[in-house]
Amino acid sequence: MEFPPVSQAEGYRSVFRAGLFSGEVAIVSGGGSGIGRCTAHELSALGARVALVGRKPEKLDAVKAEIEAAGGEVFGFACDIREEDRVRSTIAGVLERFGRIDHLVNNAGGQFFAPLAAISQKGFDTVVRNNLTGGFLMAREAYNQWMAAHGGAIVNIVADMWNGMPGMGHSGAARAGMVNFTETAALEWCGSNVRVNAVAPGWIASSGLDNYPPEMREHIRGLRHLCPMGRIGTESEVSAAIVFLLSKAASFITGATLRVDGGVPLTRPSRPMPKHKAPAPAYDGFHLAALPKILRD
């Protein structure tokens with residue numbers, strides 16, 4: 001699987017205008033890897049000061065060094081988003097460091113592959129806390145501590161969980177809950193000029209693919225054949241959707257979920273897909289993007 005090469009010397013090649021977020025502050029949870037790392041880079045390249053939030057300081061430090069090398073202003077905040085007091089103090093720390101919060105990208109999360117019958121209550125609760133409760137806590141604190149008085153934009157990252165999510169029922173339930181939370185928050189907080197939307201990535205060539213067990217290797221490598229676009233997506237394609245929803249171009253959009261999934265939920269066994277002569281062209285503006293090991297030949 002190949003994507004167009006990106007020169008590291010170029011820096012991030014965003015499709016959005018330079019300086020789009022100049023003077024603004026964006027929090028990116030789960031910013032130490034994958035889609036969060038990519039999004040943090042793009043927001044920084046567009047002028048935002050970025051607060052990276054994640055559980056592992058070493059990952060945050062690595063991304064911080066990358067962004068600083070590109071000339072961006074960034075700071076890392078180690079935080080387990082499942083812990084209410086830690087979230088509250090982290091948001092306060094962002095305000096102390098940067099003085100404002102214009103944007104929140106609720107990207108942190110995680111899950112493991114297992115059929116429903118094999119998931120313990122502890123396992124189910126852990127994934128729900130990762131993918132739903134933590135996002136709620138981050139959004140609530142960003143709203144209560146800053147956005148209620150000043151406005152802002154929140155994007156919650158969910159997943160392609162339509163038509164069920166076999167093998168990841170815990171995550172599917174949590175992500176569906178986050179879509180509903182997005183709609184509820186959009187309505188409750190609109191009086192404060194806070195927009196709340198969601199982005200639902202499908203199959204994306206991100207580092208998270210390398211976390212799945214070896215027995216899923218061939219399935220993951222074959223996902224492109226099940227996608228109407230003839231390929232899986234790039235981190236940059238998800239980041240671009242996030243940036244759009246944070247931007248002024250989306251000023252009349254709230255409570256929406258934007259799917260970035262190549263049209264996979266449209267497919268049915270009874271609907272044969274047209275055959276591609278070649279996969280649809282991909283966009284990859286992230287100068288530090290690397291194909292997951294599982295997808296390398």
Side-chain angles (χ1 to χ4, degrees), residues 6 8 10-81 87 90-91 93-95 97-110 134-135 138-139 142 152-158 197-199 201 204-208 233-247 260 283-290 292:
V6 180
Q8 292 191 18
E10 295 179 17
Y12 202 108
R13 296 184 304 157
S14 177
V15 300
F16 299 93
R17 67 169 173 83
L20 181 63
F21 297 113
S22 290
E24 299 181 355
V25 174
I27 299 175
V28 181
S29 71
S33 61
I35 291 170
R37 169 180 174 242
C38 177
T39 303
H41 268 276
E42 183 164 20
L43 289 170
S44 177
L46 295 171
R49 293 178 291 161
V50 178
L52 297 171
V53 174
R55 277 183 292 180
K56 298 183 179 179
E58 62 274 15
K59 286 189 173 183
L60 300 180
D61 289 343
V63 177
K64 180 176 181 288
E66 293 171 354
I67 292 176
E68 288 179 336
E73 183 178 349
V74 59
F75 196 79
F77 296 84
C79 173
D80 186 336
I81 65 168
V87 171
T90 295
I91 297 300
V94 173
L95 287 170
R97 175 82 184 190
F98 293 109
R100 60 190 293 157
I101 299 171
D102 300 281
H103 310 291
L104 167 64
V105 181
N106 249 332
N107 169 72
M138 289 290 292
I154 298 171
V155 173
N156 299 315
I157 309 305
V158 291
N197 292 292
V199 168
I204 305 299
S206 185
S207 58
T234 70
E235 294 170 338
S236 298
E237 289 167 328
V238 179
S239 180
I242 295 168
V243 169
F244 164 68
L245 288 173
L246 294 177
S247 77
V260 185
Y283 161 64
D284 192 355
F286 186 20
H287 58 301
L288 298 179

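Between T39 and V155 the shortest side-chain heavy-atom distance does not fall below 4.5 Å. At least one side-chain heavy atom of L288 sits under 4.5 Å from a side-chain heavy atom of H41. V94 has its side chain within reach of I101: a pair of non-hydrogen atoms, C-beta onward, lies under 4.5 Å apart. The side-chain heavy atoms of I157 and I242, taken from C-beta on, include a pair separated by under 4.5 Å. Residues L246 and V105 meet the side-chain proximity criterion, which asks for heavy atoms closer than 4.5 Å. The closest side-chain heavy-atom distance from S44 to F21 is not below 4.5 Å. Within the 4.5 Å cutoff, no side-chain heavy atoms of E66 are placed close to those of H287.
Taking CD1 of I27 as the reference point, atom CD1 of I91 lies at 3.5 Å (rounded to 0.5 Å). From L43, atom CG reaches atom CD1 of I67 across 9.0 Å, with rounding to the nearest 0.5 Å. Interatomic distance, T90 OG1 to L95 CG, rounded to the nearest 0.5 Å: 11.0 Å. To the nearest 0.5 angstrom, R37 atom CZ is 12.0 Å from S239 atom OG. We find the CZ-CG distance between R17 and L46 to be 9.0 Å, quoted to the nearest 0.5 Å. The OG1 atom of T234 sits 7.0 Å away from the CD1 atom of I204 when rounded to the nearest 0.5 Å.
In terms of heavy atoms, V158 sits closest to P201 at O-CD, 3.5 Å. Taking both residues in full, the closest heavy atoms of V63 and G32 are given as CG2-O, 3.6 Å, listed atom of the first, atom of the second, then distance. When all heavy atoms are compared, the tightest approach of L104 to A142 is CD2-CB, 4.2 Å. The nearest pair of heavy atoms linking L20 to S247 is CD2-CB, 4.1 Å. Nearest heavy-atom pair, N197 versus L245, reported as atom, atom and distance to 0.1 Å: CB-CD1, 3.9 Å. Counting all heavy atoms, side chain and backbone alike, A240 lies closest to Y283 at CB-CE2, 4.4 Å.
Listed by chain and residue number, F286 satisfy the ring-ring contact (aromatic ring centres under 6.0 Å, His included) test with Y12 (two or more places apart in sequence, or in another chain). Residues forming a side chain to side chain contact (heavy atoms under 4.5 Å, CB included) with S207 (at least two apart in sequence, or on another chain): S33.
No donor-acceptor distance shorter than 3.5 angstrom exists from the side chain of E73 to the backbone of R49, with no hydrogens or angles considered. Remark: the backbone N or O of R55 is not paired with any side-chain donor or acceptor of D80 at under 3.5 angstrom. Of the possible polar contacts, one joining the N107 side chain to the S29 backbone as a donor-acceptor pair under 3.5 Å is found.
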